Structure formats: C-alpha cells, structure tokens
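Here is the structure we will look at.
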Amino acid sequence: MAEVKVKKETNLSDPAEVENRIKELCQQFPHGITDQVIQNDMPHLEPQQRAMAINKLLSLGQLDLLRNSAGLLYRLKDSQSTSKMKGSDNQEKLVYQIIEDAGNKGIWSRDIRFKSNLPLTEINKILKNLESKKLIKAVKSVAASKKKVYMLYNLQPDRSVTGGAWYSDQDFESEFVEVLNQQCFKFLQSKAEAARDSKQSPMVQRNSSFATSHEVWKYICELGISKVDLSMDDIETILNTLIYDGKVEMTVIAAKEGTVGSVDGQMKLYRGVNAIIQPTGLVKTPCGLCPVFDDCHEGGEISPSTCIYMSEWLDF
Amino acid sequence: MTAQEVRLCGLLLQEHFGEVVEKVGTHLLKSGAQNLRTIIHETGLSVDLVKKSLCVLVQHGATTFSSGRKGLGSPTEYHTSCDRILRILRYPRYIYTAKTLYGDTGELIIEELLQRGHTTMSSTVKTVADRLTQNMAEGRTMDYTEVSSTFSKLVETHFLQRCPPLPGTPATPGTPAAPVNTAPPTPESFPECYKVPSVTLIGRGKRQLASEDGEEQRSAKRAKMDPETHGDEGIYWQVNFERFHLHFRDQTIISAVANKLDQTSSEIVRTMLRMSEVTTSPMATCTKPLSANEIFRSLPPSYNILRPILDQYLTLLVDDPMEFVGKAGESGGGMFVVNLHRALANLARATLESVVQERFGSRSARIFRLLLRKRHLEQKQVEDFAMIPAKEAKDMLYTLLSQNLVQLQEIPKTPDYAPSRTFYLYTVNQLPTARMLLQNCYKTVANLIERRLFETKESKRLLEKSQRIEAILASLQASGAEPEQLTEVEEMITAPEKQQLDTLRLHINKLDSAENQVDETIFLLESYINSTNASS
C-alpha cells in the first residue's frame, strides 16, 4: 500500500510526468484544452505545479497558448513548426506567431510592435532575420502604396491587399477594365439586336435578349483578352459598371439549384437598353456646358453679349 | 420668384409688350401685391401709363386684381406671378401643337388668342377667317362656320376655356351677386367653362383689297368697329395652358416608351393616355385604371395586334424597371394604369444624368448614376463600384461637389465631429438638384435672349438700311418700274453687307431655336417639381 501511495505521489508531483500528461491530454483534444480539463484529470495537482508545467511546455515551444471566450486554451503545437523555430530565440518566435495569426491579410510592422511590445530596432532585425530564413514575406498593399504587410511565406495574399484581378503590381488597370466594359456591352447589345430582329412575339423577344452573368463570363473567357482568370463575381462588377453607365439593366430571377450559373437559387440577367430621352435641350446651348456659368451676368466681364463660347457656337 | 425668374420675365415682357409694361411688371413681381397708388409712386411713371400697362397685363392674365388686404373698401391690389409670364416662352410650342392637331385653322385660332389674351368667340372667328382668306387662292374665301367648328372642337377637347367672370360684378342678370372670396376663382370652378355659346355667325372671310395693302399692318392692330353683335358679348375665351401641358407631358412619355421599348408599346401607351385624357385630373399620380379589353377595343385599327400579343406587351410594360405602366387589378383581363408621377420622375432623372454627362464626361455620369442608385456611399465605395482609379474618382467627385450636384453627408462617430472619426457619405438629392437646374435653365434662356438683342442692336444700322431698301423696292415694283432701276436699288446693299445680314439672320434663328430647346427642358423639370409638390 505504501509503495503504491508513494508511486502515485511521485507520479503526480514529478514535473516531467505532469508535462507528459498534459501533452497526452492535448493530443486527445486537438482543438485545445482548458485549465479546467487539466484540473479534472489531475485533481490533486496544485495550481502552482500546473502553472509551472504549462510554462515549461510553452517555453519549449511544444504548447500553444490561445484565448477563447471561455478562458485560456492550450494546444499542442505540431512538431513540424516546432522544428522550424529551432535556433530562433523567443522574440523571433513571438513575432512569427503574431504574423502567423494575421493569416491572409498580413500585418503591418507597427502592429507587430504593438502586439509584442518590442522596440522598433529589434522588430526590424527580427523581420530581416525571418525573411532571410524564408519564413515570412513582405507584400505591398494596394490601399496605401508605401505600406508593407508581412505574412507567412507560403500564403497567398488576400484580395483586399493586392486588389484582386483589377490590379497588377499595385496599379489599377483602367484600360483593362475599359476593354472588358466595352466587350461586355457589345455582347449584350448584339444579343438584344438579334432578339429584336427575330420578329417573334414580344415576350420571347425580350427573354432572348437577356443574358445571364454566366453566359457573359463564358464569352469573356473564350475571348481570351484577359491574362488573369476572372471569376463570375469579377464579371458581375464589370456588368454593374455598365448599369451605372445606363446602358444595361438587370433583373434577378429564381432558378433551380444546379442550373449553370445560379447562386443561391437565383440568377442575374442582363440586357442592353437604350436611353429614354435624347440629350436634353439645356446641353445643346453653350450656357449648359459653360464652366463660368455662375460668373456670367449682364454688364460684367463675362456676359452674354461678349461671350466667346456663344460667338464660337453661333459661327459653327 | 427668384432673381433669375424675374430677369427672364422682364426680358419677355419687354420683347412682347414694351418697356413701360416691363417696368410695371417687374416692379410688381419684385414687390408682391400692391395698389395703384403705390405702383405709380414707386415706378415714377404717369398714372395713364401705369393704368394702361396694368390693363395689358390683366388682359393677358399675367396680373390679377383683388380687393385689398385691409378688407372691403380698401383699394384693389394687383398681383403678378411669374408663371403666366414664363409661358410666353412656350407660345411657339402651343401654336405648333395646335397646327399638328387641328391644321392651319387651329393654329391661327390659338395664335389669335395668345396675342390678344382674352377675346370673344365671334371676333376670333372673324379675324381668323379674314387671315385665312388672305392666304388662299384668288376667288376663294373661308367660311365662318368652318372656323367656328374648329373653335368648338378646341373647346370640346379643353384646349380653350372661358375666362372666369370677374368677382363682384354680376355675371348675368338674374343671378345673385357672387360671394366675395379672397382666393381668385379658377376657370374650372365654373360649370360653363367649356360650353360653346350659341353664336350666330354667318358670313365669309373678307379679303383685303389690293389698295389697302399698305395699311394692312396698321388695320390689324386697330380694333375694327363692327356694328354687328353675335349674341356672345361678355363671354371671353382664353387658352387653357394646363391642357397643353398635359398634352406635352403625354407626348414626352410616349416618346420615352418608344425609345426604351419599341413602337408598338408606345402606341399602346398612347392609346391608354388618349382614353384617359378627360377623365384624369391634371395633378393625378396615375391615370384611371383601364381594362385590357377596353385598350384592345380602342387601339387604332391600323395596328392589328392579336389579343394575346397585346397582353404580352402589357405584361412587358408592367415589368419594365422604368415603371411607366402599372397593374392595378385583375378584372376585365387586367386593369392597367399609366404611372404619371413616376414617369415624370424618371424623365427628370434622365435629364439630370444627361446634363452631367454632357458637362463632365461619361465617367462622372457613371459616378452620378451610381450615387442616384445607391443613395449614400463613402469615397472608397464609389471608387470600387464605379471601377475608376482612385485619383480620378476623387477629382470627379470633388468637381461634382463644387458644382453642387452632389452633396456630402457627415455621420459622426463622436460628438465632436472630428474629421478622422467621421463618416463622409456622398449623396444625390433629385428634387433640389432639379430645382437648381431649373434656375440654370432660366438663366440660360435669359442669356440667349440678351445675346439676341445684343446682336440685333449691333447690326441696327444695317437692318434699318435693308428695310429701307426693301420698302423702296416694293414701292417701285408696285408702280411698275424698269428692271434697271430695281437692280440699281438692290445694289445699294453691298455684297459683304448682304453676307453680314445673312449671318445675322442665321445667328438669330439659332438663338431662337436654342430658346425653344431649353424650354423643353424647363417644361420637364417644372412638371416634375409640380408633381412632387402636389403629392407632398
């Protein structure tokens, strides 16, 4: 009896045993374990010993400390990443962890400084170190061109940083957008004209003048004017600009799940339209377009009698 | 009564009625209702002149008089409003519409009434018959009955209406004196507004004899002392501008439908509007519901549309995002209405967009339409949706903002409105922007008129010379001169002078037609603003 008791005690009070037990628990719960779980498993372990064991594991880099709404979570770090950090000291590990947490979007150096409370020079040194080890990379953000965000080496930068398909090397490609704009419009316009010339009943005519966003997307892909792969969402943003140009109108119809191009049971249809009025009368006069309209009054330097725009327009 | 409106009214009054009337009219516009003594005192004109000007203004319906503010017994006050005077700009359009609908006779009737303000039927008919006979071939004259029938037609379709009897004077013997009310009665409040009086008019138009040619112009102005009476004394007629406006509005809607959809749809809308011409009140939001059966029966026979095809067209009209036509029920094969106010709002919006497009370019127009659709957007969102590079988008937005076409709405996060902690949203308000553009239109028309007057004044000497020469030519021709004398007189105008005259004529025509074009914009914007007033 006495031996067993002793054994149990040694079992429990031996720090290495405690650590191993904790690691086993972590392995059992890959999502992470709370303090509560450890306490339930080893109820006679004093909190101080527990804390010591956990700290040891953390410093060895075998355990990850996370926080969720309930409290602190401990998670087993996979061995691969542990090996990566061999040879780096704690600060580097901290910085690396912060960058890893930022995920896709990357994190700015000032934010790293805030989170780690390390001085700027240290941060810079560490970042250079990590970059040379090819663990992180710097990506220029499109929103602020001088800002550099850091993220893990093998991660694909998020669209909000690079700007997506419309940006190449931080430059907004307006000609590309314009070309796409015109191509989509031509496609829809020719479809509408074909429908009008077909002389069928008006309902059929109207329905055949519609094109789904999927059709437009396929057409653009087949045209091959884009070096970058465009998704249907990209095409929809282009079609939206055409709506804002007043050349195209859109309706949404309910579609069966599974039909090509339907998103959440609905499809967007686009159709080329004509303007409802001719350019209005005011703009046919020089006053309608005059840049100094507000300064013009009779007897002043700029007046209708001496207006050079009017003279040019009258002599036209 | 904005400054631009007053300026434009002044110019119009000056052109049509002369300087004295202009002075009195603008004074009344600026100072509101006044009595005779104040007007005389403040304009500094003589009593006679002021009285005559007021007569002219009242005759044309620009000024109304009512008993004074201090109650009965105080001197009558005269009140002028801009609206009636601004209609003068639209006279050519009215006359042209009458010509298309009722031919030359209708055109001349409307022209007479517009020139004279208020006249009786008999005098109009006689004058018009005389004028028509003037232009007809030798030996043919115009019968009064033809002119009378056109007049009656105009009254039936409500293009002409009776002038309301004056308050305080007994309209016909036997009726009690009308109760004094402070608001001026509208013509429509009288039941006999559109009743054609039984007039005995028998006769034919008189052709002016050749010997009276020189006096032609003067005699037209001189009131003919006609000994005959025709039984319609005291019944004066005026042009019903509202009816013309409804007609213009219908035409604009029809052409918009034709542009957006196709000819057949516009014909259907035209039929619907024609059927509701007299049943819909001018301020109505939409026409009375018409069943598809009625529409089918009333379609012009030249369009053989089958019934199911008509139904399809109606469904398409209802589904159109512009919402010209709406469905109001299912009885009778579907009840359909034309949404007038919504159509006007859409047309006004298209006008605003076209102004922005022509003035600032199609990218700014894209931003403008985007803001109209999405109401409130941040700057970043504007750039993203419109797919315009950030720098250019910023530039365009600020230009639009400086021209007041786009407004900025601040939403603070903290009570102290600190710029770094406030949301700035761009927005477009359609109604205030429309009002601003309307004022710009008034200013534009005033500018065009002033330019025209300036150009005429510049070449006054030349114009006088050419007029003199024409008069000499005419008299020489009448008295049978030889060709050499004629050519000699013609050569008094040198070639460059002739060219100058031609360019002058060209300029004036261009300015005139530009005025009419801007007037179309004015009409659209005014109708839109009035429609929002009525519904609010």
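Fair warning: this is a prediction, and the values are worked out from it, not measured in the lab. Chain letters run A, B, ... following the sequence lines, proteins first, then strands; residues in each count from 1.
- A 6.0 Å sphere centred on CZ of B:R307 holds more than 12 heavy atoms belonging to other residues, nucleotides or ligands.
- For the options B:I449, B:N259, B:T252, heavy-atom pairs under 4.5 Å to chain A are most numerous at B:N259.
- The one candidate from A:L180, A:T241, A:N181, A:N240 that meets the side-chain contact (heavy atoms from CB on, under 4.5 Å) condition with B:M387 is A:T241.
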Going through the distances and angles, do A:V273 and B:K260 end up as a side-chain contact (heavy atoms from CB on, under 4.5 Å)?
-> CA-CA 7 Å; A:V273 291; B:K260 182 94 195 297; 3.9 Å; yes

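- Heavy atoms of B:E358 lying under 4.5 Å from chain A belong to its backbone as well as its side chain.
- The CE atom of A:M310 sits 11.0 Å away from the CZ atom of B:R452 when rounded to the nearest 0.5 Å.
- Side-chain atoms of B:K443 do not come within 3.5 Å of backbone N or O of A:H297 as any donor-acceptor pair.
- In plain terms, the two heavy atoms of B:S354 and A:P279 that are nearest each other are OG-CA, 3.9 Å.
- Looking only at heavy-atom pairs under 4.5 Å with chain A, the residue among B:L511, B:T315, B:N447, B:V518 that has the most is B:N447.
- Put simply, of B:K374, B:R369, B:Q517, the one with the most heavy-atom pairs under 4.5 Å next to chain A is B:R369.
- Contacts of A:E249 with chain B are made by side-chain atoms alone, with heavy-atom separations under 4.5 Å and no backbone atom involved.
- Between chain A and the options B:T351, B:V257, B:L316, the largest number of non-hydrogen pairs under 4.5 Å is found for B:L316.
- In terms of heavy-atom proximity, A:L314 sits nearest to B:K510 at O-NZ, 3.7 Å.
- Taking chain A as the reference chain and counting heavy-atom pairs below 4.5 Å, the highest number among B:N440, B:T503, B:I309 is found for B:N440.
- With values rounded to the nearest 0.5 angstrom, B:L506 atom CG is found 9.0 Å from A:D315 atom CG.
- If you measure heavy-atom distances from B:K457 to chain A, you find no contacts under 4.5 Å at all.
- Here the OG1-CZ distance, from A:T237 to B:F385, works out to 10.0 Å after rounding to the nearest 0.5 Å.
- Looking at B:T521 and A:T280, their side chains do bring a donor and an acceptor atom within 3.5 Å of each other.
- With a 4.5 angstrom heavy-atom cutoff, B:A365 touches chain A only via backbone atoms.
- The structure places CZ of B:R363 at 10.0 Å from CG of A:D245, a figure rounded to the nearest 0.5 Å.
- Using a 4.5 Å cut-off between heavy atoms, B:L448 contacts chain A through both its backbone and its side chain.
- Of the two parts of A:C290, only the backbone, made up of N, CA, C and O, holds a non-hydrogen atom closer than 4.5 Å to a non-hydrogen atom of chain B.
- Residue contact with chain A, scored on non-hydrogen atoms closer than 4.5 Å, involves the side chain of B:R7 exclusively.
- Remark: side-chain polar atoms of B:R366 are not paired, donor with acceptor, to backbone N or O of A:Y244 under 3.5 angstrom.
- Using a 4.5 Å cut-off between heavy atoms, B:A514 touches chain A through backbone and side chain atoms alike.
- A:T251 does not touch chain B: none of its heavy atoms, backbone or side chain, sits under 4.5 Å away.
- The two atoms that bring A:S305 and B:F454 nearest to each other are O-CE2, 3.2 Å, heavy atoms only.
- The structure places OG1 of A:T285 at 10.5 Å from CD of B:E515, a figure rounded to the nearest 0.5 Å.
- At most 12 non-hydrogen atoms from other residues, nucleotides or ligands lie less than 6.0 angstrom from CD of A:Q278.
- Heavy atoms closer than 4.5 Å to chain A are found in both the backbone and the side chain of B:L370.
- The OG atom of B:S513 lies 10.0 Å from the NZ atom of A:K284; values are rounded to the nearest 0.5 Å.
- For the residue pair B:R451 / A:S311, a side-chain donor-acceptor distance below 3.5 Å is found, with atom types taken as modelled.
- With a 4.5 Å cut-off on non-hydrogen atoms, B:Q357 does not touch chain A at all.
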